[in-house]
Every structure is written in C-alpha cells, then in structure tokens.
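Working notes, structure below.
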Amino acid sequence: MSLELQRYWRVVKKRLWMIALIVLVGCTLAGYYSNRVAKPQYEASAKLIVTQNADLNALKPSLDVGSISSNILLIKTYKEIIRTPRIMAKVVQQHPELQASANELVSKVNVSSVNESQVMSVSVRDGSYERAAKIANAVSDVFRQEIRTLMKVDNVSILNEADPSERRGQVSPNPSMNMMVAFVLALIAGIAAAFIADQMDDTVKTEEDIRTKLGIPLLAAIPDIKRGDLDNRGSGHHTLMKNAAGRKRNVSLDA
C-alpha cells in the first residue's frame, strides 16, 4: 500500500507543472466567465396562502388538521397550474408593460411551498430586480383571479408582494463559488491527465526508470560527454568522469 502511494506521488510530482497549468487555466476561465460573460440574475418572490376562505379574517374557524392537510395537497396542484401557458397568457394580456411572452414567463417563474405549509412562494429570476418583482406580483395576482374560474373556489390570497423598489444583490453568477468548483474539477482533471500521460509514456529517462521497468540492479553508467569535456583532457580521466557523472542524459547499463 505504501509503495503504491509512493508511486502515485511520484507520478503527480513528475507532472506537477501540467496539473498546475490545468488548474490555472480552469480557474482563469471560470473567473472570466463569471465576471465578463455571464449576465447577473436577480430574484424576487411573492407569497401566497391557500386557505378555506380567501378572507384571512375568516381563517381561524377553518384551522383543523384535516383542512390543513387537504390544503397542502391542493398546493401541489396549484404549483402546476401557475406555470401553465393559460395563466401566463393572461399575465401577458393584462400586463403588457412587462414586455414578455408566455414562454419567457414560464422559464423565469418557479413555484414552491414554504416548509410544507399552506404558503406558496412565486419566485422570478430576471436581469433586473425591479422587473422580477413586477413579474412575481403580476403572476400571483392573475393566478389568484383565475383559480376562482378554474377550481370554482376562492381560497387563494396574496400574503406578501415583492417590492420593486427594494435593492438586492444578484443571486447568480457567484464568482467565488464558480472558481472554487472550477479549482476542484480542474485539479481532478489535471491528476487524471497526469496518470494518463504517465501510462502512455514508455520512454526511459532516468536510472530509476530502468530499475522500475526491468526490476534488476544497476551496475554501471556511461556518462554523456560533451565536446567541452574532451577539450579538458589535460585535467585527467578521473576529473572528466567526475564532471560527467549524474547528468540526465547519461546512459546506464544493467546486468
């Protein structure tokens, strides 16, 4: 196990420059995309409440476990109805100032229940917080009107409208999160690339490679002698060999 880990570490250490380059390129691309390419998105939400009676003052008499459970189940149906083309077409018709098509509204609107309660949240993402708030309020109001015709009930009330004048920060993109994710993915990709390159590289470059591939001890090495070394023949054979020993291009001989 220890030998395997040492071998893995040698592969990583050998191609550390390649891993660092992949991580650097990945983080740079993620940062450039987050800050230069991706458009900021803002989110606004309006809250609706589903009761037995639209009049919140009459809410108290209807507070029993059975009615609450049935209302929670009813919310699942309402969540699907809100994002239908019929509701969105009504929003487009009644609010031309939004300058949005029904399909565009469907792509921007998300409906969820709040902690499995009788409260629904209509959330809208857009490049402008003010426009997102107006769309959330318009969709909520039109749905409240249309549900009376569709379900023959009047049990939806607007609990809280989004405030178009409010100033909130963007919800996406998140440059810090994107760069962190890019760092992790690039690190994994870099290590994988290092192992693939090591498996495809069958050349022998060092004495250690010879010992590892052949599994036999190293007996001698023929140094790579440069022309400058031959010009210094007056220094003696011992000095010549001493200067040439340890070079990377030396050639080794095994038994």
Side-chain angles (χ1 to χ4, degrees), residues 29-52 54 56 70-182 185:
L29 291 177
Y32 180 80
Y33 174 80
S34 300
N35 293 293
R36 300 287 183 178
V37 179
K39 296 181 179 178
Q41 291 290 304
Y42 301 86
E43 184 174 287
S45 300
K47 296 287 193 302
L48 302 175
I49 185 169
V50 179
T51 66
Q52 292 297 317
L56 290 178
S70 63
N71 288 336
I72 291 175
L73 293 175
L74 194 59
I75 286 176
K76 296 181 180 179
T77 304
Y78 287 175
K79 286 162 63 177
E80 297 299 323
I81 293 176
I82 290 178
R83 299 182 74 249
T84 57
R86 171 170 177 164
I87 299 297
M88 296 305 172
K90 285 287 184 181
V91 175
V92 172
Q93 181 183 359
Q94 296 184 17
H95 298 273
E97 73 279 5
L98 297 177
Q99 298 181 347
S101 64
N103 291 332
E104 183 183 358
L105 292 178
V106 170
S107 66
K108 292 177 178 292
V109 174
N110 183 47
V111 184
S112 61
S113 58
V114 181
N115 298 326
E116 297 297 326
S117 65
Q118 294 176 260
V119 179
M120 292 193 305
S121 177
V122 179
S123 302
V124 177
R125 284 196 176 190
D126 191 80
S128 164
Y129 178 80
E130 180 181 358
R131 187 166 183 260
K134 290 181 178 178
I135 293 176
N137 293 337
V139 171
S140 301
D141 185 56
V142 170
F143 171 72
R144 184 179 60 83
Q145 298 173 18
E146 289 298 308
I147 202 65
R148 298 171 182 168
T149 305
L150 291 172
M151 303 290 288
K152 308 298 182 186
V153 293
D154 186 12
N155 62 345
V156 176
S157 302
I158 296 177
L159 187 63
N160 186 34
E161 289 188 335
D163 184 3
S165 63
E166 192 175 356
R167 293 290 177 266
R168 290 192 178 184
Q170 65 186 52
V171 294
S172 71
N174 188 333
S176 299
M177 179 62 70
N178 290 348
M179 292 188 68
M180 188 179 300
V181 172
L185 295 180

E146 side, atom CD; D141 side, atom CG - distance, nearest 0.5 Å: 10.5 Å
Let me confirm one number: the NZ-OG distance from K39 to S172, rounded to the nearest 0.5 Å. 12.5 Å
Identify the two heavy atoms, one from Y78 and one from M120, that lie closest to each other, and give their separation to 0.1 Å. CB-SD, 3.8 Å
What do you reckon, is CD of Q99 surrounded by more than 12 foreign heavy atoms closer than 6.0 Å? no
To the nearest 0.5 Å, tell me how far L48 CG sits from S121 OG. 8.5 Å
Stepwise side chain to side chain contact (heavy atoms under 4.5 Å, CB included) test for N137 and K134: CA-CA 5 Å; N137 293 337; K134 290 181 178 178; 5.8 Å; no
Are there over 12 heavy-atom neighbours, none belonging to K108, within less than 6.0 Å of that residue's NZ? yes
Nearest atoms (heavy-atom pairs only) where I75 meets V119: CD1-N, 4.1 Å
Is a donor on one side and an acceptor on the other found under 3.5 Å between the side chain of R83 and the backbone of V106? yes
Test item: H95 and V142 side chains (from C-beta on) under 4.5 Å apart, heavy atoms: yes
Roughly how far apart are L185 CG and M180 CE, rounded to 0.5 Å? 12.0 Å
N/O donor-acceptor pair under 3.5 Å between Q118 side chain and V50 backbone: yes
Indicate yes or no: at least one non-hydrogen side-chain atom of S113 is less than 4.5 angstrom from one of K79. yes
Does a side chain donor of either N178 or S34 reach within less than 3.5 Å of an acceptor in the other side chain? yes
Is it the case that atom CE in M151 sees more than 12 heavy atoms from other parts of the structure closer than 6.0 Å? yes
Test item: R125 and V171 side chains (from C-beta on) under 4.5 Å apart, heavy atoms: yes
When every non-hydrogen atom of A136 is compared with those of A46, the smallest separation belongs to O-CB, 4.0 Å
I135 vs L105, side chain to side chain contact (heavy atoms under 4.5 Å, CB included): CA-CA, chis, key distance, verdict: CA-CA 8 Å; I135 293 176; L105 292 178; 3.7 Å; yes
Does L159 offer a backbone N or O that forms a donor-acceptor pair with the side chain of S157 under 3.5 Å? no
For a quick check under 3.5 Å, do D163 and S165 share a side-chain donor-acceptor pair by atom type? yes
Does the side chain of I87 reach to within under 4.5 Å of the side chain of I81, using non-hydrogen atoms? yes
For P173, does its backbone N or O pair with a side-chain atom of Q170 as donor and acceptor, under 3.5 Å? yes
Just wondering, more than 12 heavy atoms not from K90 lying within 6.0 Å of its NZ? no
Closest non-hydrogen atom pair, V139 against V91: CA-CG2, 3.9 Å
If you look at every heavy atom in N35 and P175, which pair is closest and at what distance? OD1-CG, 3.9 Å
Just wondering, do Y42 and R168 contact through their side chains at under 4.5 Å, heavy atoms? no
Go through it in stages, so that I can follow the logic: the residues are E80 and R86, the test is salt bridge (charged side-chain N to carboxylate O under 4.0 Å, His left out), and I'd like the CA-CA distance, side-chain angles, deciding distance and then a yes or no. CA-CA 11 Å; E80 297 299 323; R86 171 170 177 164; over 6 Å; no
Is there a side-chain contact between M88 and V109 in this structure, where contact means two heavy atoms from C-beta onward sitting under 4.5 Å apart? yes
Kindly say whether L98 contributes a backbone atom to a donor-acceptor pair with the side chain of R131 at under 3.5 angstrom? yes
Is there a side-chain contact between R144 and I147 (heavy atoms, below 4.5 Å)? no
